[in-house]
Amino acid sequence: MNTLLSARALCAAAMLLLAGCGPAIDYGNTPTAPVASGAAIQPLDFSGPEGSSKLREHAEAALTGKTIAWVPQAMGLPLTEIWTRVMREEATARGMKFELRDPNWNATAGLQAVSSLIGERPALMVIHNPNVQIYASELKRAEEAGIPVITVNMVSNYKTAAYVGPEWQQVGRMLGEEIIRQCGSGTGTSGKVSIIQGELTSGVSIEQMQGLSAALAADKGIQVVSTQAANWDATKAHDITATVLQQHPDLCATVGFWSTMTAGVHEAIKAAGKLEQVKVYASGGEGKVDCQHVDSGQITKVLSYNSPDQAKAVIQVASVLLQSGAPPQAFRIANYSTLHWMEKGHYDPALCYDWLR
Amino acid sequence: MKTGVRYNGALLHGGLLRRLYHRWSLKLFFSELLAKRWMEPVIPFLLMLALIAYFAAVTPHYASIANATQLSRQFAEMGFVVMAMAVVLISGGIDLSVGSVFAFANLTALALFHIFHLPVPVVIVGTLAAGAGVGLINGLLIGYLKARPFLTTLVTLIILRAVVDLLAQRYAVPLAMGGNLTLAWSFLGNGRIYGIPSNLLVLGLVGGLGHFMLSRSRPGWHLTALGSSRKAARHAGIAVERTLCLTYVTSGLLAALGGLFYAARLSSTGSDTGVGWEVNALTAAVLGGVSLAGGRGTIARAMIGAVIVFVLVNGMVRTGLPGALTSTALGAILLLAVGIDVKWAKNRLKTLQKIYLNPTVVELPPPPATARGSGTPYAENDRLRESLEIGLDQVEGPEDVILDREDRLYCGTRDGLILRFSGPRFEQREVFARIGGRPLGMAFDADGNLIVCVGGMGLYGVTPAGEVYTLTDQTNRSWFKLNDDARLRHAFLATLSRPPAAAETAVAEFDARQVDDFVIRVRIVGEGSGAGGAPAAGHARVAAALRTPVQLGENWFGLREMGRALDLAACDLVMPDIMKIGGVSAFREAAALASLHSLPVSSHLFHEVTAHLMTVIQTPHYLEVMELAAAVLQTPMRFEDGHAVLPSGPGNGLAWDPAAVARYRLN
């Protein structure tokens with residue numbers, strides 16, 4: 001119990017170090033309350049002349065040589081490549097091993113990878129859930145086996161020790177509010193909006209959709225003419241948009257739940273000759289590629305989350321979880337990413353991370 | 001002092017060990033192993049073991065119970081889809097819709113359970129019915145409307161996938177968030193029975209049943225027959241349409257079963273559920289040895305392939321290779337494995353033929369004396385000088401003769417008759433019994449029944465009234481032999497030295513594979529061997545009707561028979577037997593006769609002698625070689641590049657090996 005308490009204290013301290021976020025520990029889900037009432041708290045004491053070495057030894061004992069295993073949905077995308085590169089750099093700098101398992105869009109292979117990892121007992125797993133359900137029971141099994149899990153961007157129905165990524169309802173809301181500004185009542189447009197979801201049952205789609213629907217419902221002038229799933233596929237986004245434009249030539253805006261997928265709609269709009277009329281919105285964290293998307297006019301505005309920063313946050317949260325020494329169930333941390341609007345000529349160049357460099 | 005056991009009246013020196021030493025052979029073991037049907041998929045099977053061993057060695061905790069349980073749970077669902085594909089492949093078709101059916105069943109099960117809140121048994125029935133329904137559509141189109149399986153199931157794949165996407169649009173999100181849970185549902189997905197995952201157990205049961213059905217049941221045989229040759233299956237009276245239709249229904253049912261377990265375990269409605277599984281299933285089935293051409297394959301082999309694909313995909317992802325490389329490497333390994341498998345399938349039987357041999361040891365009693373006047377039955381004598389011709393030109397192939405108490409003579413014929421000759425000079429010929437097959441050795445038992453050994457059939461008895469009854473048509477199956485050797489292949493009576501009681505009659509057996517014929521020999525039954533020259537006439541009719549060249553001659557007793565056969569143009573090739581035709585001079589005359597008819601001459605047996613003769617005749621063809629005497633010759637004939645090398649010694653160049661002769665000597 002003492003270890004647990006000191007862990008919490010350390011964790012809270014570390015969380016304060018993370019830029020742009022405070023500790024958001026929710027103990028509602030935990031099976032046992034980590035603080036028993038009336039228990040004496042015995043803080044770790046690293047004071048005195050040996051204090052710094054003690055602190056270093058404490059950190060090294062928890063981190064050095066430990067393995068962080070990472071299962072993205074697929075590699076070869078700017079987002080996952082940026083994450084992987086930065087996470088590997090950060091983990092290696094802390095003396096940790098970083099292992100990648102690439103299921104290459106195959107959710108079943110991903111599930112096998114997760115199952116196998118549980119058997120291999122890494123110190124911590126970082127998971128990119130293809131949908132909210134498929135890994136859920138395995139992630140629970142992992143944490144029961146003492147392996148903390150950090151989910152990135154895409155949550156699972158089983159909420160793991162930590163989540164790093166945007167607050168997607170907020171992303172949906174901000175996209176919705178921007179669309180209302182451009183297409184809502186009084187703008188003189190048709191108010192017609194086409195929504196292109198990703199994988200329907202991905203946490204990103206579900207929550208972004210909730211925020212977006214709520215925001216769009218606030219304006220009676222907005223008419224959602226199409227809500228379809230392109231399953232993260234730019235070609236499918238193109239085909240959907242081409243069809244929607246035939247049925248609704250007066251479309252005002254199309255919004256996609258991921259910029260790489262949404263970039264596919266540009267050609268459809270261009271083919272219909274409606275580049276001036278149809279605005280394109282998307283969320284994304286593709287670094288340099290997103291800067292090209294807005295510069296070239298493929299996407300009107302991208303609501304961006306800084307993916308290299310997310311990757312750093314993942315390793316920082318991992319460092320905290322591991323140094324705490326507490327069981328994974330003791331934590332339910334959400335580390336929400338800061339959101340930035342990007343449009344042609346107006347964006348922070350720091351968002352243009354080039355993963356090929 | 002001699003030790004040993006008595007076998008058939010003879011003393012076996014050294015007993016069991018010595019016999020085992022002589023009879024057991026590594027080559028025989030391997031060749032019998034190769035001949036086994038379950039050796040066909042040995043390459044995929046070994047690959048499977050090697051892969052599992054490799055990943056168990058390089059991956060920590062891979063071989064742990066927890067990991068094995070979890071992986072086998074995930075394997076089971078794929079297993080059902082592979083099984084669905086395999087069943088259709090064996091029937092000679094293909095079912096590309098298995099992945100879609102899997103996804104459709106997954107969605108159906110989740111909808112029935114989470115949205116309609118139906119009890120689990122109803123969900124199971126409903127889901128399986130949905131899968132069977134899709135299978136039925138495929139089956140009706142392919143079986144009854146004769147649509148092409150590839151295109152039909154491709155269309156089903158696309159349509160069903162679209163249906164799944166449409167339904168997902170509406171139900172996926174509520175399903176993904178849905179939390180309906182009952183004990184039965186969790187058991188279906190994550191239950192264990194004696195530590196075995198529920199779905200793996202069902203896979204095992206269904207697989208076992210499927211294996212039994214395919215290999216041991218009428219519907220299974222119909223299905224396999226259909227895959228081998230649809231035309232032949234139709235001619236054999238198999239209901240082709242119905243069997244095909246039911247095959248696709250079965251396939252749908254199996255894929256749906258996989259989907260049901262997937263739904264219960266993961267409750268995932270991801271859009272990539274079952275996408276590309278048809279390719280994985282096809283790869284697995286083919287890799288396991290299920291033929292794409294149909295008619296060949298078993299459930300077990302499909303499962304071997306499934307394990308390989310599963311372990312490979314799993315293992316490659318584990319090694320952390322980039323995803324695209326994983327797919328490429330998987331493809332390359334599969335290609336290699338299939339290549340090796342093709343070579344294996346092609347060369348297995350060839351190798352088998354090359355290495356097959358069946359050694360045995362028989363201890364003979366001391367040889368009897370053969371010297372003139374020694375008083376044994378084997379003593380040299382000239383008592384046949386005044387012999388009487390019996391049944392000349394009336395019998396073909398009398399392998400054995402025997403006299404009864406009334407001095408009537410019995411003999412078998414090549415046509416499966418037992419003839420009886422009676423009268424003072426045996427001039428009366430009558431058909432005593434019709435047994436069929438090839439009557440060989442004969443003996444009378446104490447009751448006067450004629451015991452006849454029939455080649456390829458077994459041991460038969462004939463009552464004095466001429467009624468035939470079966471004594472036995474099999475021998476004991478020997479221990480430690482993989483092959484079932486209880487079936488008789490070539491039987492003869494081993495004890496003829498005294499009239500045996502039936503119980504004492506022993507049956508021995510030789511392996512027909514030892515005979516290596518070099519020309520297709522057509523064994524022909526003549527039209528009753530009574531009327532003069534009838535066998536040759538029969539041969540002539542057959543020869544006229546056949547395109548295959550007919551070779552005759554090994555049973556020509558004398559030039560007269562040969563001449564008659566040639567006059568009737570009964571054969572295209574001849575192979576006189578040097579002994580039966582009448583010796584060296586007669587053989588040379590026979591060769592001259594053949595050359596007049598422009599017929600190639602081959603020899604029959606005794607190659608040590610005929611090899612010399614073949615060099616001096618006008619139309620030599622093939623030398624038949626059977627190494628019957630090699631064991632007792634000093635230097636058996638040598639062969640180089642398919643040619644006999646003639647010895648240069650005096651006479652025919654042969655010399656007995658006195659030691660060997662002494663070893664096999666009969667007193």
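So you know, we letter chains A, B, ... as the sequences are listed, proteins then strands, and number each from 1.
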*Asks:* Write down the atom of B/L266, the atom of A/L111, and the distance for their closest heavy-atom approach.
*Replies:* CD1-CD2, 3.5 Å
*Asks:* With a 4.5 angstrom heavy-atom cut-off, is it the side chain or the backbone of A/W70 that approaches chain B, or both, or neither?
*Replies:* neither
*Asks:* For atom NZ of A/K140, decide whether the heavy atoms of other residues, nucleotides or ligands shown that lie under 6.0 angstrom number more than 12.
*Replies:* no
*Asks:* Measuring from A/N131:CG to B/D272:CG, what's the distance to the nearest 0.5 Å?
*Replies:* 8.0 Å
*Asks:* Sort out for me which of A/A107, A/A74, A/P103, A/S202 touches chain B most, counting heavy-atom pairs under 4.5 Å.
*Replies:* A/A107
*Asks:* Tell me, side chain or backbone of B/D165 under 4.5 Å from chain A's heavy atoms, or both, or neither?
*Replies:* side chain
*Asks:* Tell me whether the count of non-hydrogen atoms from other residues, nucleotides or ligands lying under 6.0 Å of NZ in A/K236 goes above 12.
*Replies:* yes
*Asks:* Could you check whether A/E199 and B/S271, counting side-chain N and O atoms only, form a donor-acceptor pair closer than 3.5 Å?
*Replies:* yes
*Asks:* Tell me, out of A/G119, A/S116, A/A69, who's got the most heavy-atom pairs with chain B below 4.5 Å.
*Replies:* A/S116
*Asks:* In terms of heavy-atom proximity below 4.5 Å to chain B, should A/S205 be classed as side chain, backbone, both, or neither?
*Replies:* neither
*Asks:* Given a strict heavy-atom distance threshold of 4.5 Å, which part of A/E138 is in contact with chain B: side chain, backbone, both, or neither?
*Replies:* side chain
*Asks:* Please state whether the side chain, the backbone, both or neither of B/Y262 comes within less than 4.5 Å of a heavy atom of chain A.
*Replies:* side chain
*Asks:* Give the member of A/M209, A/R141, A/E99 that has the highest number of heavy-atom pairs under 4.5 Å with chain B.
*Replies:* A/R141
*Asks:* Is atom CD1 of B/I65 surrounded by more than 12 heavy atoms (other residues, nucleotides or ligands) closer than 6.0 Å?
*Replies:* no
*Asks:* Any side-chain donor paired with an acceptor under 3.5 Å for A/Q112 and B/Q70?
*Replies:* no
*Asks:* If you measure only the distance, is there a donor-acceptor pair under 3.5 Å linking the side chains of B/Q74 and A/T108?
*Replies:* no
*Asks:* Picking from A/L100, A/V132, A/L200, which has the most non-hydrogen pairs under 4.5 angstrom with chain B?
*Replies:* A/L200
*Asks:* If you count heavy-atom pairs under 4.5 Å between each of B/T269, B/V313, B/T273 and chain A, which one has the most?
*Replies:* B/T269
